[in-house]
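Below is one structure; the comments refer to it alone.
We name chains A, B, ... by the order of the sequence lines, and we start the count at 1 in each one.
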Amino acid sequence: MSEHEQYADDLVLYALDALRGENRARVDAHLATCAACRLELEQLRGDTSLLALSAAGPRPPQRARQRLLDAVAREASEVPTFAQQTRKDGAALPRDLHASVRSWWGWMGWAATVAVVVFALSLWRENSALQQSLMSLSSQAAKNARELEELRRIAAPILGPETQRVTLVSTKAAPQPQGKAFYLRNRNSLVFLANNMPALPPRKAYELWLIPVSGAPIPAGTFKPDAHGSASVVNPVLPAAIEAKAFAITMEDETGATAPTMPILMMGAGE
Amino acid sequence: MTGLKSGDQGAMAALYDRYSSVVYAVALRVLGDTGAAEDVLQEVFLQLWRKPTAFDAARGSLGSWLAVITRNRAIDSLRKRRRETDIEDVVLSVAPDLAGDADRARTAEKVRGVMGTMIAAQRSALEMAYWEGMSHSEIADKTGEPLGTVKTRIRSGLIALRKAFQS
């Protein structure tokens, strides 16, 4: 683990589910490529489960059991499980249809044999096509992985703490807060960079919002600027493939909010 | 779990009877409110019903996994923050299988024993992080200790627990 020591504290936070925003995204990226750290995370979660299991208390009230079982029954009746669906489909064949199927097999056996051969041939063709698709998808996945690695390679030095950040502005104007969002909707990927951000009051954070074309603003990560007013958010958790009309920034409690608190401090639409 | 995967409501009831006391105890310890703890209890078991494949029996026991999921959900509720971890992403290992009350009581006693051997500041940091969901920096602010010290205390506390159960 020595080469992964830099992640040791973050893995503990991750196991405690206390790592959020860009720090979480950074560890996620490392975990995706590091089996040793994944194993350490699983072990740390195992350790935390021991703490959880030390909790003692009364049994839940009986009404909680009934409430759960009622909800389960309700869900089961609304959305049948795969197994139930399969059973229903089988039972749905009427009795006379079963009889006619048996009769058909009785004196049309040779035709069934031909049909099976034809079916097998079509399956073989379909299998070949699927194998080709699979190879194509594998190739695409490898290409995507290479592109992602290339993006990481490019982004890592830009986002690193040792990076010198320089913003050029008019010599007559005071530096203004500025944010740049790079959003790839089909990949659910968002990188946000900010500079000249004013310092925050204690226990406050800036929160980035994705403003969809329709619907409520979606939280896209909290951040706190460093001593130079710079900050970044990398790949926050977002719903899939949301079209963004704009991005906005508000100030919230540092734990983040589910709806923006007015006023909106910064906002920008697509370029 | 096999019954659950085939949509057997009786299997769900049996799992509830076996593990609800663990789930409720964890939720109540975090939230300190019976109504809120019941809500988390309901949410955790409904998620298991909806997504039984999220639990991988090859990695850890169901009781331990449910305890971790419950603690995370309860902390999200306590701190009014949105969820960032899906249940299928929570994989844990090296946890004892605790199907019965007697197993759980023995484990709880052993954990309390290990916690009792820690210095007060370490025990307190670990409890604030785990049961209150406080970040390292929040704990450092509260206790006035350096951030690095807090991090070390929490990590070494967890490792001490691990070693106690490995020996």
- [ ] Give a yes or no on whether the backbone of A/Leu16 and the side-chain of B/Arg71 come within a donor-acceptor separation of less than 3.5 Å.
- [x] yes
Task: Distance (rounded to the nearest 0.5 Å) between A/Asp10 CG and B/His136 NE2 - done: 8.5 Å
Open item on the list: If I take atom CD from residue B/Gln9 and atom CD from residue A/Glu75, how far apart are they, to the nearest 0.5 angstrom?
Closed with: 10.0 Å
Task: Close side-chain approach of B/Arg162 to A/Leu44, heavy-atom, < 4.5 Å - done: yes
Task: Options B/Leu41, B/Asp17, B/Leu126, B/Asp8, ranked by heavy-atom pairs under 4.5 Å with chain A, top entry - done: B/Asp17
Open item on the list: Looking only at heavy atoms and a cut-off of under 4.5 Å, which of A/Thr48, A/Leu69, A/Asp253 has the most pairs with chain B?
Closed with: A/Thr48
Open item on the list: Heavy-atom cut-off 4.5 Å, strictly under: side chain, backbone, both or neither for A/Arg203 against chain B?
Closed with: side chain
Task: Contacting moiety of B/Met134, where chain A heavy atoms sit under 4.5 Å - done: neither
- [ ] Count the heavy-atom pairs under 4.5 Å between each of B/Met12, B/Lys151, B/Arg29, B/Arg112 and chain A, then report the option with the highest count.
- [x] B/Lys151
Open item on the list: So A/Leu51 and B/Met115, do their side chains get closer than 4.5 Å, heavy atoms only?
Closed with: yes
Open item on the list: So, taking the atom named CG in A/Leu68 and the one named OH in B/Tyr16, what distance separates them when rounded to the nearest 0.5 Å?
Closed with: 6.5 Å
- [ ] Would you mind checking which part of B/Phe45 comes under 4.5 Å of any heavy atom in chain A, side chain (CB onward), backbone (N, CA, C, O), both or neither?
- [x] both
- [ ] Can you see which heavy atom on B/Trp131 is nearest to which on A/Ala52, and at what distance?
- [x] CH2-CA, 3.7 Å
- [ ] Select, from B/Glu138, B/Glu109, B/Glu127, the one with the greatest count of heavy-atom pairs under 4.5 Å involving chain A.
- [x] B/Glu138
Task: Between A/Pro60, A/Ala64, A/Ala73, the one whose heavy-atom pairs under 4.5 Å with chain B are most numerous - done: A/Pro60
Open item on the list: Please give me the minimum heavy-atom distance between A/Arg45 and B/Val68, naming the atom from each residue.
Closed with: O-CG2, 3.9 Å
Task: chain A contacts, top residue of B/Thr70, B/Ile159, B/Val111 (heavy-atom pairs, under 4.5 Å) - done: B/Val111
Task: Heavy-atom pair of closest approach, residues B/Ala25 and A/Gly57 - done: CB-N, 4.1 Å
TODO: Of all the heavy-atom pairs spanning A/Leu53 and B/Ala67, show the shortest one and how long it is.
DONE: CD2-CB, 4.1 Å
TODO: Determine the minimum heavy-atom distance between B/Arg155 and A/Ala8, stating which atoms define it.
DONE: CZ-CB, 3.4 Å
TODO: Among the options A/Asp9, A/Val12, A/Val72, pick out the one with the most heavy-atom pairs lying under 4.5 Å from chain B.
DONE: A/Val72
TODO: Could you tell me whether B/Asp39 and A/Arg67 make a salt bridge, using a distance below 4.0 angstrom between a side-chain N and a carboxylate O?
DONE: yes
Task: Heavy atoms of other groups near B/Lys142 NZ, more than 12 under 6.0 Å - done: no
Task: Smallest separation among heavy atoms of B/Ser21 and A/Arg59, with atom names - done: CB-NH1, 3.7 Å
Task: Contacting region of B/Leu28 [heavy-atom separation from chain A under 4.5 Å] - done: side chain
